[in-house]
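For reference, the structure discussed in these notes is given below.
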Amino acid sequence: MHASDTAVLDEHAKRVASADAVLPPLTHPGSGSAPPLRVRDGLAFASRSKVAPGSMGSLWRPLVEYRLDVRIAGPDPASALDGLLCQWEDQLAEAVTYDEGYDWDTAAVVIRPSRDTTGTTTLLRRGFAPNRVLAVRLANRLGSGPPAVPGVRIRAAEESDLPTLVRMRSELHAYDAQFGVVTPRADAVERLTEDARAQLAEGRTVPPLWIAELYGRPLGFLEVELPPQSDWISGYVAADRVGYLSSLHVAEEARSSGVGSALAAHAHQLFDSEDVDAVLLHHALESPRSTPFWYANGYRPLWTSWYRRPAVS
Ligand SMILES: CC(C)(COP(=O)(O)OP(=O)(O)OC[C@H]1O[C@@H](n2cnc3c(N)ncnc32)[C@H](O)[C@@H]1OP(=O)(O)O)[C@@H](O)C(=O)NCCC(=O)NCCS
């Protein structure tokens with residue numbers, strides 16, 4: 001690290017902390033990673049991550065993601081960001097092979113604290129779109145959704161629910177794939193079936209999968225992760241016990257009538273009874289269904305992932 005790096009890191013950390021008190025203290029990639037990109041008032045850490053074709057992970061993202069973690073400071077942090085993005089473009093132009101570069105299965109990703117809005121225009125100008133949000137709901141937040149619907153019954157999913165779960169999980173995957181990060185895959189149904197079967201067989205004290213029935217018909221499902229299963233995501237928020245709401249879906253014919261809110265209320269009861277301090281979930285910002293729904297149910301944006309897909313345009 002250069003001496004000037006410390007000043008940038010400190011100033012960046014201070015601005016971010018004052019923008020959002022729920023963010024954890026910022027950590028920086030370790031000494032093993034590539035040297036950072038530098039401009040006068042900024043530095044950035046570039047990395048690349050890959051998931052295998054045919055893996056469960058491949059359903060939710062492009063196979064190859066190039067990521068830039070930025071730290072910006074000074075009197076004009078937006079132009080520091082622009083300088084860093086400009087250097088990264090040069091790196092990407094070299095790193096991304098011709099085949100990969102125009103391939104829908106690559107993306108360039110910049111993840112920013114949602115409330116640190118510095119540099120938003122810069123990202124838009126360089127072809128990035130705010131797509132994926134990691135939203136947070138702190139314990140005991142009140143929602144402002146619809147009142148409970150009589151007739152909705154929520155119960156733990158059983159092995160005999162496998163076909164229903166697979167159908168609804170496939171509907172959710174196809175719906176979310178419209179928004180550009182979740183990706184249609186030929187083997188999606190197979191992967192979703194295997195994963196649901198494995199979760200049903202786990203026998204956890206608090207079941208991860210739940211079904212909403214309206215007058216006996218299964219019309220929605222919920223999937224939750226409690227600590228320690230959710231520990232993989234806990235570093236994104238300043239809270240001790242963190243839960244993760246993996247999925248919530250309501251069949252098209254039953255939407256807008258309170259089934260989703262009943263499932264969300266059930267999830268929040270489960271998290272409360274396990275003393276969870278903050279619940280995190282991912283959703284597509286462009287979704288006209290999930291965005292208003294989560295914000296009416298007590299969530300708010302914490303981290304925003306800006307995507308450019310393919311990585312090189
Ligand atoms: C998002 C989703 C789960 C919401 O489920 P839902 O059962 O439709 O939601 P609810 O009926 O409980 O809540 C929405 C309704 O609450 C009502 N509502 C919202 N705020 C309200 C308020 N303040 N006062 C009174 N009523 C209110 C509205 O009727 C609203 O429907 P509308 O926006 O169509 O008018 C569902 O639309 C869905 O499955 N979408 C596709 C998959 C998806 O996006 N899942 C989330 C993935 S992250």
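Just so we're clear, the structure is a prediction, and the values are computed from it rather than from any experiment. For ligands, and for the atoms within them, numbers begin at 1 and follow the listed sequence. Positions are given from 1, in the same order as the sequence printed here.
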Original post:
So, are E65 and K50 salt-bridged, with charged N and O less than 4.0 Å apart?
Top reply: no
Original post:
Y299 vs W294 aromatic rings, parallel, tilted or perpendicular, using cut-offs 30° and 60°?
Top reply: perpendicular
Original post:
Going by the atom numbers of ligand 1, which of them fall below 4.0 Å from some non-hydrogen atom of L172?
Top reply: 42 (C), 43 (C), 45 (N), 47 (C)
Subject >> Residue S257 vicinity, atoms of ligand 1 by number, heavy atom under 4.0 Å >> reply: 11 (O)
**OP:** For the pair H12 (side chain) and I72 (backbone), establish whether a donor and an acceptor sit closer than 3.5 Å, ignoring hydrogens and angles.
**Re:** yes
Original post:
So which heavy atom in the protein is nearest atom 4 (C) of ligand 1, and how far is it from that ligand atom?
Top reply: F293 CD1, 3.5 Å
Original post:
What protein heavy atom is closest to atom 39 (O) of ligand 1, reported as residue, atom name and distance in Å?
Top reply: V250 N, 2.8 Å
**OP:** Do me a favour and list the nearest non-hydrogen protein atom to atom 44 (O) of ligand 1 with residue, atom name and distance?
**Re:** S290 CB, 3.5 Å
**OP:** Can you figure out which of E252, H283, H249, R255 has its heavy atom closest to atom 40 (N) of ligand 1?
**Re:** R255
Subject >> Heavy atom of the protein closest to atom 25 (C) of ligand 1 (residue, atom name, distance) >> reply: P146 CA, 4.0 Å
Subject >> Region of S247 engaging ligand 1 - heavy atom pairs below 4.0 Å >> reply: neither
Original post:
Does any non-hydrogen side-chain atom of R300 lie less than 4.5 Å from one of V22?
Top reply: yes
Original post:
Does the side chain of H283 come within less than 4.5 Å of Y295's, by heavy atoms?
Top reply: yes
**OP:** State, yes or no, whether a side-chain contact exists between L226 and F271 at a heavy-atom distance under 4.5 Å.
**Re:** yes
Original post:
So, for A44 and V70, which heavy atoms are closest and what is the spacing to 0.1 Å?
Top reply: CB-CG1, 4.0 Å
Original post:
Taking only heavy atoms of Y175, which atoms of ligand 1 are found under 4.0 Å from at least one of them?
Top reply: 41 (C), 42 (C), 44 (O)
Subject >> For atom 23 (N) of ligand 1, the protein heavy atom that lies nearest, with its residue and separation >> reply: S144 O, 2.4 Å
Original post:
What do you think, any protein heavy atom under 4.0 angstrom from atom 28 (C) of ligand 1?
Top reply: no
**OP:** Report whether L165 and V224 are members of the same hydrophobic cluster (ILVMFWY, side-chain heavy atoms less than 4.5 Å apart, transitive linking).
**Re:** no
Original post:
Evaluating non-hydrogen atoms only, which member of G258, G220, A265 is closest to atom 11 (O) of ligand 1?
Top reply: G258
**OP:** Output yes when a protein non-hydrogen atom is found under 4.0 Å of atom 35 (O) of ligand 1, and no otherwise.
**Re:** no
**OP:** Below 4.0 angstrom from a heavy atom of S261, which ligand 1 atoms are there? Numbered from 1 as shown, please.
**Re:** 10 (P), 12 (O), 13 (O)
Subject >> Heavy-atom nearest option to atom 7 (O) of ligand 1, drawn from G260, A264, P292, A212 >> reply: G260
Original post:
Any idea which protein heavy atom is nearest atom 48 (S) of ligand 1, and the distance to it?
Top reply: W294 NE1, 3.5 Å
Original post:
Nearest protein heavy-atom contact for atom 32 (P) of ligand 1: which residue, which atom, what distance?
Top reply: S256 OG, 3.7 Å
**OP:** For the residue pair V39 and Q87, establish whether any side-chain heavy-atom pair is separated by less than 4.5 Å.
**Re:** yes
Subject >> N-O pairing of D5 and R38 below 4.0 Å >> reply: yes
Original post:
Looking only at heavy atoms, is any part of L281 under 4.0 Å from ligand 1, and if so is it the side chain, the backbone, or both, or is it neither?
Top reply: neither
Original post:
Are the aromatic rings of Y244 and W232 close, with centres under 6.0 Å apart?
Top reply: yes
**OP:** Check whether any protein heavy atom sits under 4.0 Å from atom 13 (O) of ligand 1.
**Re:** yes
**OP:** Measure the shortest side-chain to side-chain distance between R126 and E89 over non-hydrogen atoms and say whether it is less than 4.5 angstrom.
**Re:** yes
Original post:
Tell me: protein heavy atom nearest atom 3 (C) of ligand 1, and distance?
Top reply: L248 CD2, 3.4 Å
